[in-house]
Amino acid sequence: MSKNENNETNFGYKNVDKTEKPEMVKGVFDSVAENYDLMNDLMSLGIHRLWKRGTVELSNLKQGDSVLDVAGGTGDLSILMSDLVGESGEIILSDINEKMLKLGKARSLDKNKLNIKTAVADAENLPFPDNRFNCITIGFGIRNVTNKLEALKNFYRCLKPGGRLMILEFSSVNNDLISWIYDKYSFNIIPKLGEFVSNDRESYQYLVESIRKFPNQEKFSEMIINEGFRKVKYRDLTFGIAALHSAWKF
Ligand code: SAM
């Protein structure tokens with residue numbers, strides 16, 4: 001690999017310099033923030049809500065637990081987890097994007113989830129001490145992170161021994177017919193929907209491309225194992241359109 005290729009990463013199907021990607025990702029979420037929740041419902045016909053609920057149900061959280069929701073955006077996972085950890089617990093809803101986080105904060109206050117605190121934080125450089133959290137979640141966020149291994153290292157460092165990582169992300173479809181339909185839908189409908197609802201076709205083109213560039217279930221499991229996690233398992237959701245990876249620090 002040439003020196004130049006080492007400095008490159010993908011932004012959807014484009015190759016860009018690694019230093020440029022965070023600003024480009026910021027541009028995407030600055031642009032889509034206001035209509036983010038509506039677009040999620042429209043694009044997935046509400047199915048993302050089931051995936052998120054499933055993630056939280058499988059997390060085995062208990063009262064008093066301390067949870068970090070990385071790339072938490074408008075707060076869907078944090079809001080669902082809030083009652084499970086209760087008043088004696090805490091959820092830190094974090095994101096690198098202040099606009100997304102502001103919406104998340106407003107939504108959690110609106111729903112009276114007072115144990116949710118917010119923090120601006122980059123997944124690759126989490127501003128939290130070692131061994132701090134019982135659980136770290138990241139929903140549809142890791143795909144957007146430039147250096148995914150660095151983010152996994154940070155998750156490992158910030159989890160307590162015995163703590164659990166839950167990663168919900170778009171993944172690789174495990175059925176040929178569904179894959180064909182999903183590709184047609186993704187490339188022909190989603191960017192148009194983005195243009196219609198948010199006046200932003202490009203951000204939704206990035207979304208569908210970035211999903212195809214993300215490692216499949218097995219490859220991503222290997223990346224997690226290589227960072228020291230144990231009991232790494234995944235389950236496909238809706239034919240693998242999304243997958244939930246679960247891993248433990250011992
Ligand atoms: N977790 C929320 C959900 O499931 O609805 C939001 C997911 S949204 C698709 C992806 C989020 O990742 C955005 O809010 C974006 O700002 C955030 N993000 C991107 N790169 C990040 C990074 N390096 N560190 C933390 N958050 C990041």
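For this chain, numbers begin at 1 and follow the sequence in order. Counting starts at 1 for both ligands and their atoms, in listed order.
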Point to revise | K26 side chain near N97 side chain, heavy-atom distance below 4.5 Å | key: yes

Review point. Which residue and non-hydrogen atom of the protein lie closest to atom 12 (O) of ligand 1, and at what distance in Å?
Key: A71 CB, 3.3 Å

**Study point:** Any pair counted as ring pair (Phe, Tyr, Trp, His ring centres under 6.0 Å), so long as it reaches residues 143-165, sequence neighbours left out
**Key:** Y156-F229

Study note, to complete from the structure: Taking only non-hydrogen atoms of D122 and a 4.0 Å limit, the atoms of ligand 1 in range are 22 (C), 23 (N), 24 (N)

Review point. Is a donor on one side and an acceptor on the other found under 3.5 Å between the side chain of D65 and the backbone of K62?
Key: yes

Study note, to complete from the structure: Note: ligand 1 atoms sitting under 4.0 Å from heavy atoms of A123 are 22 (C), 23 (N), 24 (N), 25 (C)

Exercise for review: Around atom 14 (O) of ligand 1, find the nearest protein heavy atom and jot down its residue, atom name and distance.
Suggested key: D95 OD2, 2.6 Å

Check your understanding: Which atoms from ligand 1 have a heavy atom of V25 less than 4.0 Å away?
Key -> 19 (C)

Review point. Atom 20 (N) of ligand 1: which of I96, D69, V32 has the nearest heavy atom?
Key: I96

Review point. D69 and T137: side-chain donor and acceptor closer than 3.5 Å?
Key: yes

**Study point:** For atom 2 (C) of ligand 1, closest protein heavy-atom neighbour
**Key:** G72 O, 3.4 Å

**Study point:** Numbered atoms and elements of ligand 1 in range of G73, under 4.0 angstrom, heavy atoms
**Key:** 6 (C), 14 (O)

Review point. What residue among R49, K111, R53, R107 forms salt bridge (Lys or Arg N to Asp or Glu O under 4.0 Å) with D76?
Key: R107

Check your understanding: Just which atoms of ligand 1 are under 4.0 Å from any heavy atom in M100?
Key -> 14 (O)

Practice item. Nearest heavy atom to atom 7 (C) of ligand 1 wins, so pick from F170, W51, Y36. Key: Y36

Check your understanding: Which residue holds the protein heavy atom closest to atom 10 (C) of ligand 1, what is that atom called, and what is the gap in Å?
Key -> F140 O, 3.3 Å

Check your understanding: Has A121 got any heavy atom lying under 4.0 angstrom from an atom of ligand 1?
Key -> yes

Review point. Between N115 and G86, which heavy-atom pair has the shortest distance, and what is it?
Key: ND2-O, 2.9 Å

Exercise for review: Measure the acute angle between the ring planes of W51 and F170, then classify it against the limits of 30° and 60° as parallel, tilted or perpendicular.
Suggested key: perpendicular

Check your understanding: What atoms in ligand 1 come closer than 4.0 Å to a heavy atom of K52?
Key -> 3 (C), 4 (O), 5 (O)

Check your understanding: Under 3.5 Å, is there a donor-acceptor pair linking the side chains of Y182 and N175?
Key -> no

Review point. Can you name the nearest heavy-atom pair linking A243 to D236, along with the distance?
Key: CB-OD1, 4.1 Å

Revision key, fill the gap. Counting heavy atoms under 4.0 Å, the part of T146 that contacts ligand 1 is neither

